[in-house]
Amino acid sequence: MIRVDQIKCVPEQVTMPDGSMNEALLIQKTAALLRIQPNEVRALFIRRRSIDARKKPQIFYIFSVDIVVTEEHEAQILKKNRNANCRQSPWVSYEFPYMGKCGQSMQSRPVIAGMGPAGLFCAYELALHGYRPVLLERGKAVEERTEDVLRFWEEGILKPDSNVQFGEGGAGTFSDGKLNTLIKDKDGRCAEVLRIFCMHGADREICYDHKPHIGTDALVSIVRNMRNAILEHGGEIHFGTKLNGLHMTDGKVTDISVVSDGKERSMPCGAVVLAVGHSARDTLQMLYEADIPMEAKAFAVGLRVEHPQALINKSQYGTAKEGMLGAAAYKLTARTKSGRGVYTFCMCPGGYVVNASSESGMLAVNGMSYSGRDGKNANSAVIVTVDPKDYGDGSPLSGIVFQRDLEHKAYKIGNGSIPIERYGDYKAEVCGRNRDTGEDGDVRGKEYCADLVEDSAGGEWEPCIKGSYTYAKVSEILPKELAEAFVEGMEAFGEKIPGYNDDRTLVEGVESRTSSPVRILRDETLACPAAVNLFPCGEGAGYAGGIVSAAMDGVRVAEAVARKIDFFSGM
């Protein structure tokens, strides 16, 4: 195949009425760039689509495609266009390197704790290739879990094991379903993850969009379809079942303790995958007490901010209207004078801020969008980096203590509801000066925003939130140094997106679950040093930071589990 880059198209011309891409037009443009006839292109595969808004409001799609021609013709085309944007395609097709022949004995079956993206994709690959995995999920199936989450948002009834954090699909199910990752895909695992998503109901666009997303509503059915595929290929799933202990002999896990319906029982295993997620604090405590080696790690905490989506569209597209491009996204970074990083995280165009709590008396928020991204507001976490020297006391679990302290403050300040504060008030409290007599920068962008918001967002900036909320002093949640870093970051972001630091911006807290504050150690075989068949996996174990990176780690760990099982089986 030949990879051709920098194919520029007007969105309205290349987009079909059903939203799909006009491949005939792409073939014409690609052929013209390569100075060949369109009928010489036997097949075309879109590999990447990004948005070029450098001349906004004139917007373009930029494509990278792979084309198939005859083998003899390929060499001629590459030679003739050696100075053009074309080359031999670097596409790598993923192949699982093992095929399970470990027999049908229960003792040889791998057990996976957790059905978030890491555990789900690990189980999927193992099931597909004959290893008949057993999955443990402390929460409920995604259909029942969705009902529990909606009830919590509407009535405030929290179920500790069935909420935004726990249950089939993991925390990513109630998010924007963002699928972008910075991990290089030299082995094709990222492409494999996206392919599996598409096989089970995701739109084909996720395989080539620069910033792909699925949406909470679509993720529910995709997760269910993947579960059914695992079962069809010999997997076994136990909902409402929590990993409660490991039994080891001679550096190998022989069986595990699990709890379901209040009863504890033993379960044999050939290998154990720890894909428990970043909020399984009790499980991490159990592992720590079992002397499983782990360490505290850097992560980030902060607050959610909301703006009218029209303001973000205006900044990114040059017009408040979305058109066929959909709600605009953004990504912002800054560094404070003290050297601390501040950046946006889990940005949700046309989305909602959600109560993502999982423990009684504590409150955490997250963001989510539905597949249409048609909410009136954009939201994002604005988070500040922290590391063990900020919160550590020498314990690997000290980051959890730090998170819980912030979440307890947020719960208390909002009296159980999500606390909200206007940025102008937040900044005045943190910086200790009256916002009406402060520096000019305090209200930067206000004039810019006024007409835009009046025309496009109905006047006042109002929250889009799932769950109860109340206006309160959000400025009291973060420690002083982090609160000041948050303000410094917001002011820097106001220079990049006019109106971002407007007084009316909504600030909500606390965003404490950006990633795991703990890393469970593993060696070059991906096994834990304490046991040759114990595999830390995904975000909760400290090896991922989002849906795709967690799923990719799940695929990688599935390979390691298969290799280890085959070895122990004498293959």
Side-chain angles (χ1 to χ4, degrees), residues 102 104-116 118-120 122-123 126-127 131-141 159-163 165-168 170 230 235-294 358-359 395-397 400 516 518-522 526-542 554 557-558 560-561 564-565 568:
C102 57
Q104 301 298 309
S105 66
M106 184 67 176
Q107 285 75 13
S108 65
R109 296 178 73 174
V111 176
I112 300 167
M115 283 186 71
L120 194 63
C122 182
L126 288 172
Y131 291 89
R132 302 172 60 245
V134 178
L135 280 85
L136 311 179
E137 172 51 59
R138 67 191 295 169
K140 297 180 181 179
K159 293 192 174 182
D161 289 327
S162 183
N163 48 59
Q165 306 294 345
F166 295 129
E168 185 182 25
I230 291 169
E236 186 178 307
I237 299 174
H238 299 266
F239 291 111
T241 303
K242 184 174 72 171
L243 175 66
N244 202 49
L246 305 172
H247 303 142
M248 294 186 288
T249 301
D250 298 328
K252 184 179 178 182
V253 181
T254 55
D255 60 284
I256 60 175
S257 294
V258 300
V259 174
S260 58
D261 295 326
K263 298 178 181 179
E264 187 168 8
R265 60 189 173 90
S266 180
M267 179 181 289
C269 57
V272 178
V273 176
L274 299 172
V276 295
H278 61 41
S279 293
R281 294 164 172 172
D282 51 355
T283 304
L284 292 170
Q285 180 71 39
M286 177 273 291
L287 295 169
Y288 175 67
E289 292 173 359
D291 294 324
I292 301 302
M294 58 182 66
S358 62
E359 292 181 287
S395 167
L397 303 183
I400 293 176
S516 177
V518 178
R519 178 175 289 113
I520 305 173
L521 303 187
R522 66 188 190 188
L526 305 189
C528 176
V532 295
N533 62 340
L534 182 64
F535 297 88
C537 179
E539 191 164 341
V557 167
V561 169
K564 194 65 63 81
I565 287 178
F568 283 129

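A donor-acceptor contact shorter than 3.5 Å links the side chain of Glu137 to the backbone of Gly167. Side chain of Thr283 to main chain of Arg281: no donor-acceptor pair is present (N/O by atom type, distance under 3.5 Å, no hydrogens or angles). The main-chain N or O of Asp161 is never found under 3.5 Å from a side-chain atom of Arg138 such that the two would form a donor-acceptor pair. Ser516 places no side-chain N or O within 3.5 Å of a backbone atom of His278 that could act as its donor or acceptor partner.
In this structure, Leu120 CG and Ile112 CD1 are separated by 9.0 Å, a value rounded to the nearest 0.5 Å. In this structure, NZ on Lys140 lies 15.5 Å from CE on Met115, to the nearest 0.5 angstrom. For the atom pair Ile520 CD1 and Leu287 CG, the distance stands at 5.0 Å (nearest 0.5 Å).
The heavy-atom pair separating Cys269 from Val253 by the smallest distance is SG-CG1, 3.7 Å. Shortest non-hydrogen contact noted between Ala123 and Pro133 is O-CG, 3.5 Å. Closest of all the heavy-atom pairs between Ala560 and Phe535 is CB-CE2, 3.9 Å. Closest non-hydrogen pair, Pro396 versus Tyr288, comes out as CD-CE1, 3.6 Å. Ala118 approaches Ala275 most closely through the heavy-atom pair CB-CB, 4.1 Å.
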- Item | Criterion side-chain contact (heavy atoms from CB on, under 4.5 Å) on Tyr131 and Ile565, from CA distance to verdict | CA-CA 9 Å; Tyr131 291 89; Ile565 287 178; 4.3 Å; yes
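Side-chain N/O atoms of Ser279 and Gln165 include a donor and acceptor closer than 3.5 Å.
When each of Thr254, Asn533, Ile292 is tested with Met248 by the rule side chain to side chain contact (heavy atoms under 4.5 Å, CB included), just one qualifies, namely Ile292. Screening Val273, Leu274, Leu126 for a side chain to side chain contact (heavy atoms under 4.5 Å, CB included) with Val557, the sole residue that qualifies is Val273. Applying the side chain to side chain contact (heavy atoms under 4.5 Å, CB included) test between Ile256 and each of Asn244, Leu136, Leu534 identifies Leu136 as the sole match.
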